[in-house]
Structures are given as C-alpha cells and as structure tokens.
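In listed order, ligands and their atoms are each counted from 1.
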Amino acid sequence: MQPLPGFRDFLPADCAVRNYIFARWREVARRYGFVEWDGPILEATELYTKKSGPEIIQQLFHFVDKGERDIALRPELTPTLARVVAAHEREFRKPLKWFSIGQFFRYEKPQRGRSREHFQLNCDIVGETALAADADLIALAIDILRGFGFTEKDVVLRISDRQFWTDFLESEKVPESQWQEILQTIDKSEREPREKTAAKLGDLADPVFGLLKEGGRSENLEMLADELRHRGLDRFVEVDIGIVRGLAYYTGIVFEAFDRAGKFRAIAGGGRYDNLIGQLSDGAVQLPALGFAMGDVVLGELINDTPGARASMQKAVASQDKIDLYVVIAKEERRADALAQIQQFRDCGYRIDYPISPAKVGKQFQTAEELGATIALLYGDEWPQVKVKNLATREEKLVPADRLLAEIGDTFPTSS
Ligand code: HAM
C-alpha cells in the first residue's frame with residue numbers, strides 16, 4: 001500500500017532533514033524574542049469559513065464527526081491564533097511574539113512545491129500597530145533564510161501594501177463585496193495568462209495592468225525599506241506591488257519570499273491582518289496583528305538546489321543519528337558486566353549500542369562502523385579490563401572496568 005496522494009513518509013534521513021529545519025526555525029525565532037505555542041490540529045470548519053476566504057475553503061480536508069460536528073484539519077494557523085488570542089488576551093503582556101511549528105493539511109492538487117500536508121513555522125506579533133513591527137517581522141524572515149546559508153543572491157522578499165490596492169478599489173468605486181475576488185485575481189496574475197486575468201477583471205483590467213507595470217509606491221513601503229536599510233538587510237527585499245496574497249484577512253503590508261532564480265513557488269508568505277481577531281471574536285477583542293509562515297516543502301527543495309545551503313545541511317545532518325560507543329561482547333560470559341556498564345554510559349548521556357544476540361566479533365566491529373561509533377569497547381578475556389578501540393585511528397588500550405566511565409568521559413564528550 002502507498003501513502004495517500006500528497007502525503008509523505010519520513011524515513012530516518014528525511015526526519016534528520018526535518019529536524020534540522022525545525023532546529024534552525026526555533027533558534028532564530030528565539031533570537032528575536034518569540035516564544036513557542038501550538039493549537040489543535042482539528043478545528044470547527046466555521047473557523048475557516050468565517051474569514052479566510054474562498055481559496056482556503058476549497059482546500060479544506062473536512063468531515064462530520066461522531067458528535068455531528070463539522071470539523072476540519074487545520075490548513076493554516078492564523079485563524080487558530082486569532083481564536084486563542086481573543087480567549088486569553090488578558091493573560092499576556094502586549095505585544096505578543098509567538099511562534100509555532102506544526103503540520104497543516106490542504107486538499108490541493110499535489111505538484112512540485114505543493115503537497116496535501118506540510119509543516120510550517122508561523123511567527124506572529126499581536127497588539128502592535130507600529131510599522132517597526134512589520135520591519136522586525138520581515139527582518140526575522142530574512143534572518144531565518146540566512147540561518148540556512150542563503151544570501152541575497154539566492155533569495156528575495158517581495159514586499160507590497162494591500163492598502164495600496166484597497167485605496168485603488170475605493171477610488172474606482174468597486175463595491176467592497178467584490179474586493180476579495182479582484183485581489184485574488186491580481187495575486188494570481190503572474191501565474192496566469194494575461195487574457196484570463198483580463199477577462200476576470202473586466203473594466204478594471206487596463207488600470208490594474210497599468211499599475212502593475214508602473215509599480216506602485218506607498219509611504220509605508222518606503223519607511224519599511226528604510227528600516228531594513230538600517231539593519232543592512234535591504235539587499236534581501238524588493239518592492240513588488242504584484243504581491244497581494246490569496247488569503248482574505250490581510251489589511252496592510254504583505255510579503256512573500258522567493259528564490260531569486262524564480263524556479264520555485266513561494267518559500268514563505270505573510271503580512272498584517274489588523275481586523276481578523278476582531279472579526280473572529282465578533283468584536284469582543286480588537287487587536288492588530290501581523291505574521292508570516294514558512295513551509296518546509298519549498299524550503300527543502302531550495303536547500304537541495306543551493307550548494308552552500310546544502311553543504312551546511314549535510315554537515316549538520318551527518319552527525320545526527322550517529323552513536324558514540326559500540327560495545328563488542330567477545331565472550332558471552334561478560335554480557336552481564338557489559339550491560340551494567342552500558343546502563344551507566346546511557347545514564348551519562350552517551351549514545352551507546354551493543355549486539356542484542358550473540359554474534360561473531362568481526363561482525364560486531366562491522367556493525368560498530370556502520371552505526372558511526374567513534375569508539376568500540378570490547379568485553380572479553382581481558383576482563384576486569386576493557387579494550388578501548390578508537391575506530392578512526394585504530395589505536396587500542398586496556399582500561400580497568402571501574403575507571404572506564406571516567407576515562408571515556410575525559411576524552412570523548414557525549415553527542416547529546
Ligand atoms: P500561505 O502563503 O498560505 O500563508 O502559506 C505559507 C507558506 O506555506 C507558503 O509560502 C508555502 O511555502 C507553504 N505552503 C502553503 N501551502 C502549501 C502546500 N500545499 N504544500 C507545501 N507548502 C505549502 C499562510 O498560511 C498564512 N496563514 C501565513 C500567516 C501567518 N499570515 C499571518 N501569519
């Protein structure tokens with residue numbers, strides 16, 4: 001049997017890569033003072049139908065449970081965040097700076113860079129209207145990408161301002177009920193044939209194409225670019241008014257991260273959503289917010305495609321599953337003594353393995369090498385001494401069993 005379309009099996013090597021990605025995400029988010037949180041994988045379908053917009057709803061995995069509740073696997077974290085913040089708002093000092101790493105599910109056509117499950121890092125700031133927060137969030141997104149070894153030659157953050165488009169729609173007297181559909185058409189225009197976009201936009205086609213060609217400006221975008229220049233990160237950003245974002249709730253600055261060569265889909269996306277918490281709580285709690293999410297699928301593809309980033313990953317991953325010590329039981333009579341010492345080494349944090357059933361000594365050494373052990377400890381005729389063999393240098397020495405732990409501790413730190 002195969003996994004379902006768009007779902008992945010994570011073999012040990014894939015898990016090692018996943019752990020590497022998660023570790024970098026956590027490390028950089030914490031550097032910016034973000035704290036970790038999480039929500040449930042299942043939510044009431046209504047949480048998404050209420051505000052995320054038609055794109056996400058078409059992509060929901062949803063069903064009726066045994067209690068007749070219409071529920072959905074989470075396609076994104078933002079509505080959950082809005083729900084949780086509205087419920088616990090008084091318990092926390094503002095602004096909240098929260099990050100989360102979790103799995104999300106979208107019923108989309110599986111293709112390169114798009115699967116039916118993926119992991120995301122979400123970073124959100126709640127309770128801050130200042131544009132400096134948008135700048136800090138964008139700087140965080142850039143620093144995460146730098147953390148994987150990408151430079152400004154590899155990646156770019158394209159930033160835009162939704163306000164620019166809503167001002168335009170207002171000036172064109174377009175009723176608000178049509179905004180979301182038009183914004184989504186503009187968002188997709190780069191990936192769709194011009195005629196298709198023109199047909200969908202009708203009378204608005206000419207002015208929209210004109211604005212996209214000219215490139216828009218906004219005071220906020222200029223202030224943002226300045227803030228990033230002060231940090232020396234402006235090389236990573238470009239203003240691109242064509243970025244609108246498919247999700248309905250964005251209200252201000254929006255951005256997406258891409259590979260410079262334009263080979264892959266977006267690595268990350270986000271922006272300001274000042275009304276969502278108010279709308280989902282039916283006005284009970286009004287808090288401005290902004291955030292972004294970075295997915296593991298496109299990021300993984302880009303790491304593999306970028307030599308510097310790939311080398312950093314391979315280096316980090318190579319040592320992850322290696323053991324430190326392998327116990328060779330040369331005489332079965334020594335098994336009980338060996339087990340007693342294995343327990344002590346494990347208590348001290350060493351990664352240590354041994355043959356579960358009797359095996360030839362040569363075979364045991366082979367296993368030690370295959371598992372990546374640095375040292376083999378041989379329990380045999382030498383007892384109460386143990387033969388310590390460095391598998392890299394082939395050096396051997398005899399160490400009294402009661403001094404073994406101290407001796408190894410002096411020369412070989414644990415991997416964990
Ligand atoms: P999003 O643009 O829908 O934003 O997703 C963010 C990132 O998740 C994308 O750039 C992409 O890398 C990855 N991603 C999304 N869908 C898939 C998929 N089907 N397969 C693989 N990767 C995928 C959001 O989800 C917003 N909630 C982000 C946000 C947080 N806005 C504010 N706070």
For ligand 1, which atoms sit closer than 4.0 Å to a heavy atom of [X]?
X	answer
Gly113	20 (N), 21 (C), 22 (N)
Tyr249	26 (C), 27 (N)
Thr78	26 (C), 27 (N), 29 (C), 30 (C), 31 (N), 32 (C), 33 (N)
Ala268	10 (O)
Tyr250	26 (C), 28 (C), 29 (C), 31 (N), 32 (C)
Gly269	10 (O), 28 (C)
Val297	21 (C)
Glu108	16 (N), 17 (C), 18 (C), 19 (N)

Geometric N/O contact [X] with ligand 1, under 3.5 angstrom:
X	result
Asn122	no
Tyr273	no
Glu117	no
Ile267	yes

Inset, instruction - Taking the side chain as every heavy atom from C-beta outward, state whether Leu391 and Phe365 have any pair of such atoms under 4.5 Å apart. - result: yes
[atom] - nearest protein heavy atom and its distance:
atom	result
atom 9 (C) of ligand 1	Ala266 O, 4.0 Å
atom 20 (N) of ligand 1	Ser115 N, 3.0 Å
atom 24 (C) of ligand 1	Leu247 CD1, 3.6 Å
atom 14 (N) of ligand 1	His118 NE2, 3.3 Å
atom 27 (N) of ligand 1	Glu76 OE1, 2.5 Å
atom 33 (N) of ligand 1	Asp124 OD1, 2.8 Å
atom 7 (C) of ligand 1	Ala293 O, 3.7 Å
atom 5 (O) of ligand 1	Gln120 NE2, 3.4 Å

Legend entry - Minimum non-hydrogen distance to atom 4 (O) of ligand 1, winning option of Glu256, Arg272, Arg245: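 Selected option, by shortest heavy-atom distance: Arg245.
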Rounded distance (nearest 0.5 Å) linking atom [atom1] of [X] with atom [atom2] of [Y]:
X	Y	atom1	atom2	result
Ile186	Ile241	CD1	CD1	10.0 Å
Tyr379	Gln341	OH	CD	3.5 Å
Phe34	Asp136	CZ	CG	7.0 Å
Glu152	Arg146	CD	CZ	9.0 Å

Residue part near ligand 1, for [X], under 4.0 Å between non-hydrogen atoms:
X	value
Phe104	neither
Arg265	neither
Arg106	side chain
Leu290	neither

Inset, instruction - Take every heavy atom of Tyr107, measure it against each atom of ligand 1, and state whether any distance is under 4.0 Å. - result: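 No heavy atom of Tyr107 comes that close to ligand 1.
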Legend entry - Gln120: side chain to side chain contact (heavy atoms under 4.5 Å, CB included) partners, not counting sequence neighbours: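 Checked Gln120 against side chain to side chain contact (heavy atoms under 4.5 Å, CB included); matches are Phe104, Arg106, His118, Asn122, Ala293.
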Legend entry - Arg394 to Lys389 - nearest heavy-atom pair and separation: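 Where Arg394 meets Lys389 most closely, the heavy atoms are NH1-NZ, 3.9 Å.
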Inset, instruction - Decide if the gap between the ring center of Tyr32 and the ring center of Phe99 is smaller than 6.0 angstrom. - result: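 Distance test on ring centres: not under 6.0 Å, no.
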Legend entry - Phe92 ring center within less than 6.0 Å of Trp37 ring center: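 No, they do not, as the ring centres are separated by 6.0 Å or more.
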Legend entry - SB check Arg231 Asp143 (cutoff 4.0 Å):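 So Arg231 does not pair with Asp143 through a salt bridge.
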Legend entry - Donor-acceptor contact present, side-chain Asn19 to main-chain Ala16, <3.5 Å: no
Legend entry - Pair Thr78-Tyr249, side-chain donor/acceptor within less than 3.5 Å: yes
Legend entry - Any donor-acceptor N or O pair under 3.5 Å, side chains Ser218, Gln163: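 The criterion, which ignores hydrogens and geometry beyond distance, is not satisfied for Gln163 and Ser218.
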Legend entry - Pairs touching residues 159-174 that satisfy salt bridge (Lys or Arg N to Asp or Glu O under 4.0 Å), sequence neighbours left out: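 Qualifying pairs: none.
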Legend entry - Arg116 to Tyr107 six-membered ring, cation-pi geometry met (6.0 Å, 45°):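 Verdict for Tyr107: a cation-pi partner in Arg116.
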